[in-house]
Asks: 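Can you keep this structure in mind? I'll have questions shortly.
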Amino acid sequence: MKKIIFKTMLLLLTAGMSVACSSDNDPVDPDEVQTPVTITAHYSSFDATRVAYADGGANINATWQENDKLMVLHENMVNTLTLSSGAATSTATFKGTIKGSLKKNSMLICMVKDQNNTSITLNDDGSTSYIGSIFLEQDGTLEGATKCNFYRGSTQYGDGKHIVCNLFPYNSYLKLTVKAPAGVAGGQTATLTFMIGEVKISMATFTVASNGINTVYMAIPAMQSIGGQQRVVYESGGTVATETLSDMAGDANPGNILSKTLTFG
């Protein structure tokens with residue numbers, strides 16, 4: 001499947017670069033300086049109203065997995081830390097080294113790197129690219145939508161002993177009550193695709209309910225403003241139907257859950 005890449009810029013707080021000197025006063029390449037660090041990374045919950053927003057009252061949250069990694073940006077250099085403990089919980093400890101000398105006020109930008117290394121790339125210029133394939137492989141369930149982890153946060157190095165980074169969601173979630181087009185019977189396979197213009201942003205594949213009405217959850221990358229036409233395309237067999245979402249502009253902010261009823265056909 002062709003991967004779609006979206007890009008968003010971070011506002012970085014930069015500190016002066018420390019320069020270490022050797023005994024003969026020759027400068028040392030910052031890339032050669034490796035500072036050991038341990039970071040406690042916490043998945044911060046949605047605000048109170050959104051935590052309660054789920055069928056059955058279950059929380060919408062994220063937990064670390066055994067092979068997850070934490071990407072840390074410092075002085076325009078990307079570092080990858082390995083999970084040391086905390087799998088299956090919302091708080092985990094990551095260990096590794098960070099390139100360069102760290103000061104008390106050094107700013108560290110932290111990002112999730114999922115266990116399949118597919119969802120996010122942190123670039124040396126401070127921008128982030130997250131790959132659309134993970135958003136195009138959803139199953140329409142809430143559990144499936146919350147697997148589209150795109151979290152980030154920032155922290156200061158401090159004294160290097162207790163570095164904690166709270167990671168906040170950069171996804172929005174659509175909760176769609178979907179009424180199938182005429183001619184689509186229960187038991188058929190259908191796909192629902194959220195598009196901006198002609199670009200596929202998010203897609204869920206599900207089985208049509210016997211009454212033709214499904215509740216479909218989809219995660220989408222959160223964007224402060226969305227350009228172009230927003231629409232949802234329903235496909236099942238040879239049936240294709242579309243509804244526009246012109247009223248969604250500006251609503252897809254981090255953590256938002258948008259509920260809509262879509263009647264096709």
Side-chain angles (χ1 to χ4, degrees), residues 1-8 43 46 54-55 58 60-71 83 87-88 111-122 128-152 167 169-178 180-181 184 187-209 214-223 226 228 230-243 245 248 252 254-260 262 264:
M1 182 177 294
K2 184 178 180 180
K3 293 183 177 180
I4 313 296
I5 297 181
F6 307 92
K7 208 168 189 181
T8 181
Y43 275 136
F46 299 100
D55 292 344
I60 298 176
N61 54 25
T63 56
W64 296 103
Q65 299 182 58
E66 191 65 44
N67 295 317
D68 283 345
K69 300 183 186 303
L70 190 69
M71 291 184 297
L83 188 144
M111 303 287 244
V112 174
K113 192 175 187 70
D114 72 13
Q115 60 179 336
N116 297 316
N117 298 330
T118 56
S119 62
I120 184 169
T121 299
L122 182 55
T128 59
S129 300
Y130 46 107
I131 300 172
S133 62
I134 192 171
F135 291 92
L136 299 174
E137 298 172 354
Q138 299 179 60
D139 61 6
T141 66
L142 178 60
E143 180 182 4
T146 56
K147 290 180 180 178
C148 295
N149 284 354
F150 182 25
Y151 283 68
R152 71 184 177 201
L167 302 177
Y170 276 73
N171 290 341
S172 295
Y173 293 89
L174 303 180
K175 181 184 178 182
L176 303 174
T177 301
V178 180
V184 176
Q188 292 184 216
T189 298
T191 60
L192 203 66
T193 307
F194 172 69
M195 303 184 73
I196 298 179
E198 297 302 316
V199 179
K200 295 181 179 180
I201 306 297
S202 183
M203 183 171 69
T205 301
F206 59 96
T207 300
V208 180
N214 288 77
T215 299
V216 178
Y217 291 91
M218 286 199 300
I220 61 173
M223 306 169 208
I226 300 177
Q230 302 157 91
R231 56 199 177 98
V232 174
V233 178
Y234 190 113
E235 297 182 68
S236 183
T239 301
V240 180
T242 301
E243 273 210 12
L245 292 174
M248 235 186 74
N256 279 6
I257 301 172
L258 309 174
S259 295
K260 292 184 180 294
L262 303 178
F264 294 91

Asks: Establish, from distance only, whether the side-chain atoms of Glu235 and Thr193 form a donor-acceptor pair under 3.5 Å.
Replies: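 Their side chains do not contain a donor-acceptor pair, so the 3.5 Å distance test is not met.
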Asks: Please enumerate all residues that pass side-chain hydrogen bond (donor to acceptor under 3.5 Å, both in side chains) together with Thr141, with sequence neighbours excluded.
Replies: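 Thr141: side-chain hydrogen bond (donor to acceptor under 3.5 Å, both in side chains) contacts with Asp139.
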Asks: Could you state the interatomic distance from CD1 (Ile196) to CD1 (Ile220), rounded to the nearest 0.5 Å?
Replies: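 Here the rounded value is 7.5 Å.
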Asks: I need the minimum non-hydrogen distance between Phe194 and Val232, along with the two atoms involved.
Replies: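 Closest heavy-atom pair between Phe194 and Val232: CD1-CG2, 4.3 Å.
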Asks: Answer yes or no: is there a side-chain heavy-atom contact under 4.5 Å between Leu70 and Leu167?
Replies: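 Side chain of Leu70 against side chain of Leu167, heavy atoms only: contact under 4.5 Å found.
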Asks: How would you list, by chain and number, every residue that makes a side chain to side chain contact (heavy atoms under 4.5 Å, CB included) with Thr207, sequence neighbours excluded?
Replies: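 Residues passing side chain to side chain contact (heavy atoms under 4.5 Å, CB included) with Thr207: none at all.
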Asks: What residues, two or more places apart in sequence or in another chain, satisfy side chain to side chain contact (heavy atoms under 4.5 Å, CB included) together with Thr189?
Replies: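 Checked Thr189 against side chain to side chain contact (heavy atoms under 4.5 Å, CB included); matches are Thr205.
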Asks: With a 4.5 Å limit on heavy-atom distance, are the side chains of Lys260 and Leu174 in contact?
Replies: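 Sidechains of Leu174 and Lys260: no contact.
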Asks: Quick one: are Phe264 and Val178 in side-chain contact, heavy atoms under 4.5 Å?
Replies: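 Phe264 reaches Val178 side chain to side chain.
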Asks: Hey, could you give me the OH/CG distance between Tyr234 and Asn214, rounded to the nearest 0.5 Å?
Replies: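 Spacing of OH (Tyr234) from CG (Asn214) equals 6.0 Å.
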Asks: What's the separation between atom CE in Met203 and atom CG in Leu136, rounded to the nearest 0.5 Å?
Replies: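 One gets 5.5 Å once the value is rounded to the nearest 0.5 Å.
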Asks: For the atom pair CH2 (Trp64) and OH (Tyr43), what is the distance rounded to the nearest 0.5 Å?
Replies: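 Answer for the CH2-OH pair, Trp64 versus Tyr43, is 4.0 Å.
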Asks: Should Met111 and Lys69 count as side-chain neighbours, where that means a heavy-atom distance under 4.5 Å?
Replies: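 Met111 does not reach Lys69 side chain to side chain.
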Asks: As an exercise, state the distance from OG1 of Thr239 to CD of Gln188, rounded to the nearest 0.5 Å.
Replies: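 Separation between the atoms: 7.0 Å.
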Asks: What's the spacing between Ser236 OG and Phe206 CZ if we round to 0.5 Å?
Replies: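 Answer for the OG-CZ pair, Ser236 versus Phe206, is 8.0 Å.
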Asks: Closest approach of Met218 and Leu192, non-hydrogen atoms and distance?
Replies: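 Heavy-atom minimum between the residues: SD-O, 3.5 Å.
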Asks: Donor-acceptor pair, distance only, cut-off 3.5 Å: does the side chain of Gln138 make one with the backbone of Ala219?
Replies: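 The answer is yes, because a donor-acceptor pair under 3.5 Å joins these two groups.
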